[in-house]
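Here is the structure we will look at.
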Number of protein chains: 2
Amino acid sequence: MDQAPVWLRRRSTGVGRPAERSQEEVTAAAIELADLDGLVAVSMRGVAGRLGTGAASLYRYVSGRDDLLDLMIDEVAAGYELPPPTGPWLPGLVEVGRQARALMLRHPWLPELVLTRPVIGPHGVDLLEHVLALLADHPAAPARKLEAFAVMNATTAAFALNELGAAERPAHGAGDAVRAARPARAAGRPDAYLAHAMAAGGHPHLTAALAGMTPTAVNSGDRFESVLADVLTGLLGPA
Amino acid sequence: MDQAPVWLRRRSTGVGRPAERSQEEVTAAAIELADLDGLVAVSMRGVAGRLGTGAASLYRYVSGRDDLLDLMIDEVAAGYELPPPTGPWLPGLVEVGRQARALMLRHPWLPELVLTRPVIGPHGVDLLEHVLALLADHPAAPARKLEAFAVMNATTAAFALNELGAAERPAHGAGDAVRAARPARAAGRPDAYLAHAMAAGGHPHLTAALAGMTPTAVNSGDRFESVLADVLTGLLGPA
DNA sequence: CCCACTTCGGGAACACTGTTCGCGAACACT
DNA sequence: AGTGTTCGCGAACAGTGTTCCCGAAGTGGG
């Protein structure tokens, strides 16, 4: 018998010794820690230390580290500012994606978490409801809409992850906070081998493609919105 | 100063005591272990035990657990059977996606890994080369093609992850191997809270959508190929 | 007022984890 | 036989998530 989801577990009755902290406080502390030093810093002892308590006490509010991570996801999802779902669906969905990307850049640990654990808490449900409201007049079958929601989330998270990874490469400067937040990986990872493969030859199209890349620092926010719009149009037809 | 990528590190010279194992053997053992009991089972001691050696010996072949995970990804990517890139690009790309999904269902730990670490080893480079070859005559800018490659990977992995998660839910039967391979998460996760949110009301579009879902067990392979084709068409224009 | 009863806090312990050190063994070459 | 270099790996270290269990801190009943 496994546990009920985190979000509908017993909340404190009036009886017994009153709790000195709350699940929200624990979640908030975990998020601060993750923003500061990355997901690896979110250890039970670490979070407890930041709250000035013992590690074992956390298990009064959270049934384990996994639960805490789920709570972190949904807590950040509270940051969406969802306007009333009016107007055509495409701009509405792109706006959702824009906000999602912003949240992920603000919390560099989020993409990895969202991609890995397909959980929906209260705020996630609100978000899904909003997306479905935007698509209310769309003729596609409900299953197609859910697929679109899933693909949209995956695309956004993957895009943000790449952006964050790219920010690690410059030697110093703006990427420092991000580098601190994702300390596990060495710098310059993804293409480290790419360069060697090109030099070794045998991959003509690859060399051609990389040579033809304009190193102009395009606004990656614009790129993202363009990609997302294209993907959604492909899935749900032209607006 | 961080390390050079795993794939171009010093291989054994003829001098000194000969190695009793190889990087390939270590990688293979790790993959077997992951196929059997999930990623959590891939611990240094675990892998070493399966090879009948001590844990510390592995560090002669691999510079750490992270390297090992990277090697696992690329080793599985050796399983692609890439036909000569002829014909229109859309079917070619969908075929690549088809194979990717098959590999991920055969190795349930792969999606999570691919989504989380954007690494490209030798076989990953070959795959990218193949995709670019398929798109050689396509007029899009190289950067757009790389974006399409990335989105394609993310979509495929996310789709496979959802499929694997869904396979956990039935009480018994075919999902057992998968359940063993991803033991960390409780069963029936993603929608566990969804049901409650619906019952509580306040999410009309959600309830409507879930009610309108046909529970027909559609061939999810077909669904995947359809989604992928739509996404790619959206990104790269109609074939 | 005191005594159940229930809940919370958290030190200590357990079973692990990844990783490093250092030493002895095993080979090739001179 | 000696030297240089590599490999194998037991032991140790610092850290992890989680459970036990006991004392503290409250509330409600007699």
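When reading the values below, keep in mind they use all heavy atoms of this one structure, side chains included, and skip hydrogens, waters and symmetry mates. Per chain, numbering begins at 1; letters A, B, ... match sequence-line order. It should be emphasised that the depicted structure is a prediction, and the values quoted were computed from it without experimental measurement.
In this structure, D:dG4 and C:dC27 make a Watson-Crick or G-U wobble pair, each of the two defining distances being under 3.5 angstrom.
Checked against D:dT16, C:dC8, C:dT19, the side chain of B:M44 finds its nearest nucleotide in C:dT19.
Mapped onto DNA chain C by nearest heavy atom, B:S43 and A:G54 fall at different nucleotides, with A:G54 at the one closer to the 5' end.
Defined by atom type and a distance below 3.5 Å, a donor-acceptor pair is present between the side-chain atoms of A:E163 and A:S220.
Among the protein residues, A:S57 comes within range of the nucleic acid bases, having at least one heavy atom under 4.0 Å from a base atom. Among the heavy atoms of the strands, none lies under 4.0 Å from A:V47.
Taking side-chain N and O atoms only, A:T53 has no distance below 4.0 Å to OP1 or OP2 of C:dG9. At least one side-chain nitrogen or oxygen of A:Y61 sits closer than 4.0 Å to the OP1 or OP2 atom of C:dG9.
For a distance-only test at 3.5 Å, the side chain of A:R45 qualifies as a donor-acceptor partner of the base of D:dG17.
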For nucleotides 20-30 of chain C, just jot down a letter per nucleotide in 5' to 3' order: B, S or -, based on protein non-hydrogen atoms under 4.0 Å.
B-B-BBBBS--
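When A:K145, A:H130, A:E129 are each tested for a side chain to side chain donor-acceptor pair (under 3.5 Å) with B:H205, only one passes: A:E129.
Atoms CD (A:E20) and P (D:dG26) sit 9 Å apart, rounded to a whole Å. For the pair B:R65 CZ and D:dG15 C1', the interatomic distance rounds to 15 Å; values are reported in whole Å.
Note that CZ of A:R50 and CG of A:L36 are 6.0 Å apart. Values are rounded to the nearest 0.5 Å.
Between A:G64 and A:M44, the shortest heavy-atom distance links the atoms C-CE, 3.9 Å.
When side chains are defined from C-beta on, B:L33 does not count as touching B:W109, because their heavy atoms never get closer than 4.5 Å.
Applying the ring pair (Phe, Tyr, Trp, His ring centres under 6.0 Å) criterion to A:F224, with sequence neighbours excluded, gives A:F159.
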